[in-house]
Amino acid sequence: MYTPAITGSGVFTPPNVITNDELVESFNAYVDLYNAENAEAIAAGEVEAKAHSSSEFIFKASGIEQRYVLDKEGVLDPTRMYPKFRQRSDDEPGLMTEIAMDACNKALAAAGRVGADVDLVICACSNMERAYPAIAIEIQQALGAGGFGFDMNVACSSATFGIQAAADMVRSGSVKCAIVVNPEVTSGHLEWRDRDCHFIFGDVATAVVIERAEDAQGDHFIVHSTRCATEFSNNIRNNLGFLRRNRPDGLAERRDMQFMQNGRKVFKEVVPMVAAHIHEHMTEEGRKPEDLRRMWLHQANKSMNDFIGRKVLGRMPEEGEQPNILQDYANTSSAGSIIAFSKYSDDMEKGDVGLICSFGAGYSVGSVIIEKA
Ligand code: COA
């Protein structure tokens, strides 16, 4: 058995920012257009008028101040309200591969590695651009990596589930150097016309390199243990799937073909699930809350993270113990905890222990206990 270690991480941040004010301005313009177009039906009580959104609500309810997106124009166009991506030929890299490569190259550079050193690529994220061939295999080719690659989707928990799969394979010796990459084009699955959720997501890509600790070229984090759990829930759901065309309404536009959630229920049910999960994982590993220097949590909602931090530590987390990035990036699905880890881990000292935790649809929760070597 080998000891797996995270030896590098990287983040691709899209060039376009949308602030809450910009988002709300375009959303409200869309609402005004919609209400004007449906004025008669609304007056007759046949259609419900849509309500304006507000920046104050968004910040208060979520802690989000802005988000990055791959295409700003399409999202903010009140007559469109979703991104505009060009059609790519089958012979050029897909959009997910393009953003994944940026994050992979940064993670490999941090690890002192090149693509040819990699013998496992896991593309772990919430949405795949196509059914097959796997995005991971396209990334494997673009990296010049050997071995094999596969896609996995555990929604917002994909990164930690991917780290568990890679760390287990490194531990057993079936691979030597893995890259787990999370290209999240969440702007494609978000319903930007729904006031309840239009502010939630942002685009990004993250990657981590996992290899044998003995092979590490520089600073690294030992992966002591991982723990994944799932429990079925319909409270976060997206019904878009390959059987769509065959059903009675075929390809007709339907709300459930995009991200949907019952946010209140998710909040209430997932917070205790995650806190109990972390507590059990730590206890099994013989570790106490005071052993933790830092937690890098999934980035969905500031109050959610505050609750989890308080439950795990038994007190309010101190500055730097639980860094949030959601104010800048919004919810980036599987990538959130890895952005936090990548941006806030350089100051960890030898022997410092931390925990990466992601959670979300499924429900699903994954945690990774690491130590700076
Ligand atoms: N602007 C202004 N008002 C809004 C609004 C908007 N954009 N969206 C909703 N509201 C209104 C609602 O209509 C409601 O009004 P009412 O009280 O008169 O009925 C009120 O604000 C509260 O809405 P609610 O949806 O209950 O808000 P919330 O406090 O639960 O916050 C979330 C919403 C989504 C931010 C929150 O539930 C959340 O983050 N949940 C966790 C979800 C999550 O993490 N999901 C991702 C998967 S990991």
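We count ligands from 1, going down the list as the structure has it; atoms in each ligand are counted the same way. Residue indices begin at 1 and follow the sequence shown.
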**Request:** Give a yes/no verdict on a cation-pi contact between Arg310 and Phe307, requiring under 6.0 Å between NZ or CZ and the six-membered ring centre and an angle within 45° of the axis.
**Result:**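 Yes - Arg310 lies over the ring of Phe307, closer than 6.0 Å to its centre and within 45° of its axis.
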**Item:** Among Arg315, Arg294, Arg293, salt bridge (charged side-chain N to carboxylate O under 4.0 Å, His left out) partner for Glu321
**Value:**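 Only match with Glu321 under salt bridge (charged side-chain N to carboxylate O under 4.0 Å, His left out): Arg315.
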Within the distance-only criterion (no hydrogens, no angle test), does the side chain of [X] pair as donor or acceptor with the backbone N or O of [Y] below 3.5 angstrom?
{"X": "Asn182", "Y": "Cys125", "value": "no"}
{"X": "Arg247", "Y": "Asp249", "value": "no"}
{"X": "Asn246", "Y": "Leu243", "value": "yes"}
{"X": "Asn324", "Y": "Leu326", "value": "no"}
{"X": "Asn331", "Y": "Ile200", "value": "no"}
{"X": "Arg287", "Y": "Leu292", "value": "no"}

Under-4.0 Å protein heavy-atom contact, [atom]:
{"atom": "atom 13 (O) of ligand 1", "result": "yes"}
{"atom": "atom 40 (N) of ligand 1", "result": "yes"}
{"atom": "atom 17 (O) of ligand 1", "result": "no"}
{"atom": "atom 25 (O) of ligand 1", "result": "no"}

**Request:** Report the part of Val270 in contact with ligand 1, treating N, CA, C, O as backbone and CB onward as side chain, heavy atoms under 4.0 Å; options are side chain, backbone, both, neither.
**Result:**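 None of Val270 does.
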**Message:** Checking contacts here: is it the side chain or the backbone of Ser53 that comes within 4.0 Å of ligand 1, counting heavy atoms only? Could be both or neither.
**Reply:**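 Ser53 to ligand 1: contacts from backbone and side chain alike.
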Could you say whether the N/O atoms of [X] and ligand 1 ever approach to under 3.5 Å?
{"X": "Ser54", "result": "yes"}
{"X": "His298", "result": "no"}
{"X": "Gly263", "result": "yes"}

Suppose I only count heavy atoms of [X] and a 4.0 Å limit; which atoms of ligand 1 are within that range?
{"X": "Asn331", "value": "46 (C)"}
{"X": "Gly360", "value": "48 (S)"}
{"X": "Cys156", "value": "48 (S)"}

Can you tell me which residue and heavy atom of the protein come closest to [atom], and the distance to 0.1 Å?
{"atom": "atom 9 (C) of ligand 1", "value": "Asp196 OD1, 3.3 Å"}
{"atom": "atom 36 (C) of ligand 1", "value": "Asn301 ND2, 4.0 Å"}
{"atom": "atom 20 (C) of ligand 1", "value": "Phe57 CE1, 4.0 Å"}
{"atom": "atom 31 (O) of ligand 1", "value": "Ala61 CB, 3.7 Å"}
{"atom": "atom 30 (O) of ligand 1", "value": "Arg264 NE, 3.0 Å"}
{"atom": "atom 47 (C) of ligand 1", "value": "Ile236 CD1, 3.6 Å"}
{"atom": "atom 44 (O) of ligand 1", "value": "Ala300 CB, 3.2 Å"}

**Request:** Indicate whether any N or O donor in one side chain lies under 3.5 Å from an N or O acceptor in the other, for Tyr329 and Thr13.
**Result:**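 Yes, because at least one side-chain N or O of Tyr329 sits under 3.5 Å from a partner of the opposite role on Thr13.
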**Message:** More than 12 heavy atoms of other residues, nucleotides or ligands under 6.0 Å from CD of Glu73: yes or no?
**Reply:**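 Open.
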**Item:** Minimum non-hydrogen distance to atom 42 (C) of ligand 1, winning option of Glu269, Arg195, His198, Gln261
**Value:**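 It is Gln261 whose heavy atom sits nearest to atom 42 (C) of ligand 1.
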**Asked** Taking NZ, NE, NH1 and NH2 as the nitrogens, is one of them in Asp291 or Lys288 under 4.0 Å from a carboxylate oxygen of the other?
**Response**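 No, no charged N to carboxylate O under 4.0 Å.
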**Prompt:** What's the shortest heavy-atom distance between Arg67 and Phe201, and which atoms?
**Reply:**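 Looks like CG-O, 3.5 Å.
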